[in-house]
Amino acid sequence: MDENFTMFMETVDGRFRSFVNQINEYLTGNGCKCDIKLQKSGYIVSYVLNGSKRTLATFVSRKTGMKLRIYPEHIGEYQSFLDALPEKAKKEIQKASDCKRLINPDDCNPKCKMGYTFVLDGKRYQKCRYMAFQPALSEENNPYIKQFLEKELQAEKFN
């Protein structure tokens, strides 16, 4: 195992180390490259799809705990999955910042990649790509985080 990944793992809450390791093995086993950077707030561990520059997911440290930011480019193909998320995770998605660029392209930096348009519990949302899908690691969320990544990788293979 990479020394930087080992150091990152030491910063992960002991309750979630096994899960983080499972996600790492799943993503690297499915052709993602693991990229680790140390920043002021802690380690940023990103998984980039093989043969592209597209990041699939990134572990980020927050005061509230570790989160996994997911970039679901194919969310439209499996958005009904969102309805199965725990209520707390749904609330986090609903609270996330709206994507200014989707609402009015002139309101945001033109270099910013647009966010996501999706339906959650029958309501349409347009959310920022960096804020929308960022579930906290928890006993309740972890099974859904894994399913989310599986669905995105599956959709990626068929596009």
Side-chain angles (χ1 to χ4, degrees), residues 1-2 5-6 8-9 11-37 41-99 102 113-159:
M1 195 180 300
D2 179 83
F5 189 79
T6 303
F8 159 68
M9 286 297 285
T11 69
V12 175
D13 183 320
R15 296 173 298 161
F16 305 125
R17 284 187 184 146
S18 173
F19 176 73
V20 170
N21 211 32
Q22 180 186 2
I23 294 299
N24 179 65
E25 287 175 8
Y26 174 72
L27 293 177
T28 56
N30 278 281
C32 290
K33 179 181 172 275
C34 180
D35 183 39
I36 302 170
K37 293 184 175 114
S41 60
Y43 286 93
I44 304 290
V45 180
S46 298
Y47 295 89
V48 179
L49 290 166
N50 209 5
S52 78
K53 292 181 180 177
R54 181 166 107 68
T55 300
L56 173 65
T58 303
F59 282 108
V60 291
S61 297
R62 296 287 182 255
K63 289 178 185 165
T64 56
M66 181 74 61
K67 294 182 177 244
L68 183 66
R69 181 180 295 142
I70 302 169
Y71 300 97
E73 300 299 318
H74 306 288
I75 191 68
E77 295 172 36
Y78 58 88
Q79 65 187 344
S80 61
F81 162 75
L82 298 175
D83 294 341
L85 294 173
E87 287 305 313
K88 193 173 179 183
K90 287 181 185 181
K91 282 185 174 60
E92 285 182 23
I93 292 169
Q94 292 163 343
K95 277 190 338 192
S97 306
D98 289 334
C99 176
L102 280 171
K113 275 190 107 178
M114 276 195 210
Y116 307 104
T117 300
F118 57 92
V119 175
L120 171 63
D121 289 340
K123 187 173 180 208
R124 184 173 174 268
Y125 292 93
Q126 293 184 307
K127 296 293 183 176
C128 172
R129 70 183 283 105
Y130 302 104
M131 303 302 289
F133 303 107
Q134 194 168 231
L137 301 190
S138 71
E139 284 82 3
E140 186 181 30
N141 286 349
N142 290 359
Y144 294 95
I145 291 171
K146 179 104 187 309
Q147 288 176 41
F148 207 151
L149 294 169
E150 289 168 347
K151 288 185 179 301
E152 183 61 23
L153 275 175
Q154 190 71 21
E156 181 70 26
K157 286 178 184 171
F158 290 109
N159 283 295

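Excluded from the calculations below are hydrogen atoms, water molecules and symmetry mates; all remaining heavy atoms, backbone and side chain alike, are included. Source: prediction; values computed, not measured.
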Under a 4.5 Å cut-off applied to non-hydrogen side-chain atoms, are L153 and L27 in contact?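 Yes, at least one pair of side-chain atoms sits under 4.5 Å.
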
Taking the six-membered ring where the residue is Trp, are the ring centres of F133 and F118 under 6.0 Å apart? yes

For a quick test of reading the model, state the closest non-hydrogen atom pair linking [X] to [Y] and the distance between them.
X	Y	answer
S52	V48	O-CG1, 3.4 Å
K157	N30	NZ-OD1, 3.5 Å
T117	I75	O-CG2, 4.2 Å
A96	A132	CB-CA, 3.7 Å

Run the numbers on L85 and I93 for side-chain contact (heavy atoms from CB on, under 4.5 Å), then give the verdict. CA-CA 10 Å; L85 294 173; I93 292 169; 3.6 Å; yes

Set out, in order, the CA-CA distance, both residues' side-chain angles and the distance that settles side-chain contact (heavy atoms from CB on, under 4.5 Å) for F59 and L137, then state yes or no. CA-CA 10 Å; F59 282 108; L137 301 190; 4.3 Å; yes

To the nearest 0.5 Å, how far apart are [atom1] in [X] and [atom2] in [Y]?
X	Y	atom1	atom2	answer
F158	H74	CZ	NE2	11.5 Å
C34	N24	SG	CG	5.0 Å
C32	E156	SG	CD	9.0 Å
D2	M9	CG	CE	12.5 Å
M66	S61	CE	OG	3.5 Å
R62	K67	CZ	NZ	7.5 Å

Report the C-alpha distance between K37 and T58 in whole Å, list the side-chain angles of each, state the deciding distance to 0.1 Å, and finish with yes or no for side-chain contact (heavy atoms from CB on, under 4.5 Å). CA-CA 11 Å; K37 293 184 175 114; T58 303; over 6 Å; no

Here's a test for you: under side-chain hydrogen bond (donor to acceptor under 3.5 Å, both in side chains), which of Q79, E73, Q126 qualifies with Y116? E73

Any luck finding a side-chain donor-acceptor pair between Y78 and E152 under 3.5 Å?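 A pair is found: one side chain offers a donor N or O, the other an acceptor, under 3.5 Å apart.
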
Not counting sequence neighbours, list each pair that qualifies as a side chain to side chain donor-acceptor pair (under 3.5 Å) and has a residue in residues 130-145. R69-Q134

Donor-acceptor under 3.5 Å ([X] side chain, [Y] main chain):
X	Y	value
K146	I23	no
R54	Y71	yes
N21	R17	no

Basic-acidic side-chain contact under 4.0 Å: E92, K95: no

Using side-chain contact (heavy atoms from CB on, under 4.5 Å), reason through L149 and L68 one step at a time and then give a plain yes or no. CA-CA 10 Å; L149 294 169; L68 183 66; 3.8 Å; yes

Looking at residues at least two apart in the chain, or sitting in another chain, which of them share a side chain to side chain donor-acceptor pair (under 3.5 Å) with Y43?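 Testing Y43 for side chain to side chain donor-acceptor pair (under 3.5 Å), a comparison that skips the adjacent residues, returns none.
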
